[in-house]
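Report on the following structure.
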Amino acid sequence: MSLTPLTLGYIPLVDAAPLIIARELGFAEQEGLALSLRAAPSWSTLRDLVALGQIEGAHMLAPVPVATALGLGGLPTRLDALCVLSVGGNTVGVSTALADQMRKAGHGFDFADATAAGTSLIAAAGQTLRIGVPFPFSMHAELLYYWLGALGLEAPQALDVRTLPPPLMAEALAAGDIDAFCVGAPWGSIAVENGSGELLLPTSAIWSFAPEKVLATRHDWAESEPDLAARLIRTMWRACRWLAEPFNRMTASEILARPDYLNLPAEMLERSLSGALVISPRGDQRMTPRFLHFHEGAATFPWRSQAGWIAARLAARTGLDRDAAQRAAKQVFRSDLYRDALASTAAPLPGASEKLEGALDAPTEVTTQSGSLILQPDRFFDGQVFDPAEK
């Protein structure tokens with residue numbers, strides 16, 4: 001069979017797994033695709049490679065297509081999110097000195113209570129908290145602003161958010177350039193391994209079902225190549241389904257650990273896939289179910305309400321009109337293309353493209369086009385609910 005060559009970009013993170021597994025285990029070939037993967041040094045480079053047409057698509061931070069649609073940063077090329085690649089997978093970490101202060105003040109590092117963790121962090125940080133994130137338009141940044149803002153710490157007066165490449169987070173923490181970070185796996189674990197920091201919280205404790213990475217392409221490419229776009233969506237859906245099986249975690253870790261990909265110990269990567277995280281240099285462990293997940297609960301579905309939440313947050317932070325921002329954002333999360341691509345498969349497709357974000361405290365059965373689907377809890381730590389239809 002003749003295969004169609006496509007090049008996808010990625011940042012070497014654990015949540016790049018769907019692209020890597022799709023290539024290594026033949027899911028791309030099943031759809032007639034010959035995938036080439038290209039690692040990029042930064043999120044801005046990756047975004048621009050897609051926007052300039054140098055690659056067909058990329059593993060991308062979920063807020064980047066939204067920010068681009070709002071005219072924030074980068075080139076004015078519309079990017080579309082064809083599907084979600086991962087949910088969660090980020091950790092908030094603090095310097096060992098700050099962790100000692102928090103522990104002395106009584107914080108127990110339960111790795112679950114976002115209100116207690118945030119209150120303790122704010123008290124220990126003093127007048128200004130300096131915290132590193134990988135990119136200005138990222139779930140890392142948006143969740144931090146949401147979480148700490150809700151607890152009374154406002155930017156820029158008391159919250160200094162700085163952009164740093166993920167590999168430099170631990171180094172910046174050790175040098176005292178930042179007090180804390182929010183970063184994707186495995187870089188939080190690396191800060192623990194080298195003794196520069198401790199893990200305070202998974203971001204799933206802030207929003208339990210936050211879209212983290214998406215498969216992004218140029219809008220004009222998705223429109224002009226609908227068959228290729230559909231094949232890519234099905235490829236990623238199958239790779240994500242495979243990654244969701246617990247007995248595949250070690251194989252996935254060993255593949256990701258290869259020098260061509262993350263070039264890190266497989267045992268460290270497996271922690272992120274299983275949620276069994278080591279949170280301190282002393283070896284303290286915490287089990288976090290669904291720390292990083294790829295498939296269950298329609299995890300790959302590009303909910304337009306998620307795009308709306310991101311847009312509302314960006315609009316509030318940058319002074320844009322909220323309603324206009326949400327309208328633009330919803331157009332780039334392509335639930336329509338996702339439905340068309342998977343209509344002929346056994347994939348359960350939600351009956352709607354929007355939902356109340358934060359309304360589910362427990363697994364909930366909903367109707368689909370062909371039966372039912374169990375949606376996973378999507379609660380915000382403070383109990384807020386985002387209604388995408390609210391003006």
Side-chain angles (χ1 to χ4, degrees), residues 8-25 27 37 39-40 43 46 57-66 81-91 133-135 137-143 166 182-189 202-217 232-246 248-249 252-253 255-256 261-262 269-275 277 288-303 306-307 309-310 333-334 338 347 357 375-378:
L8 302 181
Y10 72 101
I11 298 291
L13 295 163
V14 176
D15 58 24
L19 280 69
I20 295 168
I21 293 301
R23 180 179 186 274
E24 293 291 333
L25 296 189
F27 294 114
L37 300 183
W43 291 113
L46 194 59
H59 153 254
M60 193 171 287
L61 297 159
V64 169
V66 174
L82 303 190
C83 64
V84 175
L85 294 174
S86 61
V87 171
N90 301 320
T91 51
V133 299
F135 199 64
F137 309 120
S138 63
M139 291 308 294
H140 314 84
E142 296 314 319
L143 291 173
C182 182
V183 73
W187 296 105
S189 294
T203 53
S204 58
I206 301 170
W207 184 9
S208 60
F209 207 84
E212 176 52 32
K213 302 300 190 306
V214 297
L215 176 67
T217 67
L232 261 182
I233 292 169
R234 288 193 295 268
T235 295
M236 294 304 150
W237 183 82
R238 292 188 175 103
C240 287
R241 181 177 60 176
W242 184 90
L243 282 162
E245 295 293 344
N248 291 332
R249 288 171 184 158
S253 300
I255 292 171
L256 294 174
Y261 297 126
L262 272 65
L269 305 181
E270 198 274 336
R271 295 179 201 168
S272 299
L273 295 175
S274 68
L277 298 177
T288 306
R290 294 188 298 276
F291 167 69
L292 168 61
H293 53 289
F294 299 98
H295 182 72
E296 65 178 345
T300 57
F301 188 77
W303 292 97
Q306 293 176 340
W309 184 89
I310 295 168
F333 267 45
R334 298 301 301 273
Y338 183 97
E357 298 294 340
L375 295 181
Q376 296 301 307
D378 66 351

- Item | D378 side chain near W207 side chain, heavy-atom distance below 4.5 Å | yes
- Message: Would the distance check show the side chain of S138 and the main-chain N or O of A141 forming a donor-acceptor pair, the cut-off being under 3.5 Å?
- Response: yes
- Task: List the steps and the verdict of side chain to side chain contact (heavy atoms under 4.5 Å, CB included) for M236 and F27.
- Result: CA-CA 8 Å; M236 294 304 150; F27 294 114; over 6 Å; no
- Query: Quick one: CG on D15 to OH on Y10, what's the gap to the nearest 0.5 Å?
  - Reply: 12.5 Å
- Can you name the closest pair of heavy atoms from P166 and V183 and give their distance? CB-CG2, 3.8 Å
- Between G297 and Q376 the two heavy atoms that sit nearest each other are CA-CG, 4.1 Å
- Message: Quick check: closest heavy atoms across P202 and T288, and the distance to 0.1 Å?
- Response: CG-CG2, 4.0 Å
- Decide yes or no for F291 and R271: does some side-chain heavy atom of the first lie under 4.5 Å from some side-chain heavy atom of the second? no
- Query: Can you check whether F209 reaches H293 side chain to side chain, under 4.5 Å on heavy atoms?
  - Reply: yes
- Query: Does the side chain to side chain contact (heavy atoms under 4.5 Å, CB included) test come out yes or no for L143 and C182, once each step is laid out?
  - Reply: CA-CA 9 Å; L143 291 173; C182 182; 6.0 Å; no
- Item | CD1 on I255 to CG on L25, rounded to 0.5 Å | 4.5 Å
- Message: Could you walk me through whether F333 and V66 satisfy the side chain to side chain contact (heavy atoms under 4.5 Å, CB included) test, starting with their C-alpha distance in whole Å, then the side-chain angles of each, then the deciding distance to 0.1 Å, before giving a yes or no?
- Response: CA-CA 8 Å; F333 267 45; V66 174; 3.9 Å; yes
- Query: Can you find a pair of side-chain heavy atoms, one from V64 and one from W43, that are under 4.5 Å apart?
  - Reply: no
- Message: Tell me if a side-chain donor or acceptor on H140 pairs with a main-chain N or O of F135 at a distance below 3.5 Å.
- Response: no
- What pair of heavy atoms forms the shortest contact from W303 to A298, and how long is it? NE1-O, 4.0 Å
- Message: Main chain of P377, side chain of S208: is a donor-acceptor contact present, judged purely on distance under 3.5 Å?
- Response: yes
- Query: For the residue pair A252 and L273, what are the closest heavy atoms and their distance?
  - Reply: CB-CD1, 3.9 Å
- Query: Distance from N90 atom CG to I206 atom CD1, nearest 0.5 Å?
  - Reply: 9.0 Å
- Message: Between P302 and V214, is there a side-chain heavy-atom distance shorter than 4.5 Å?
- Response: no
- So do L19 and L85 actually touch side chain to side chain, heavy atoms under 4.5 Å? yes
- Message: Would you compute the distance between atom OH of Y261 and atom CZ of R23 and round it to the nearest 0.5 angstrom?
- Response: 4.5 Å
- Approximate separation, where rounding is to 0.5 Å, of Q306 CD and F301 CZ: 9.5 Å
- Message: Any non-hydrogen side-chain atom of L61 less than 4.5 Å from a side-chain atom of E212?
- Response: yes
- Taking all non-hydrogen atoms of both residues into account, name the closest pair between S272 and L292 and its distance. O-CB, 3.8 Å
- Message: Using side-chain heavy atoms (C-beta onward) and a distance below 4.5 Å, is H59 in contact with L8?
- Response: no
- Query: CD1 of I233 to OG1 of T300: how many Å apart, nearest 0.5 Å?
  - Reply: 9.5 Å
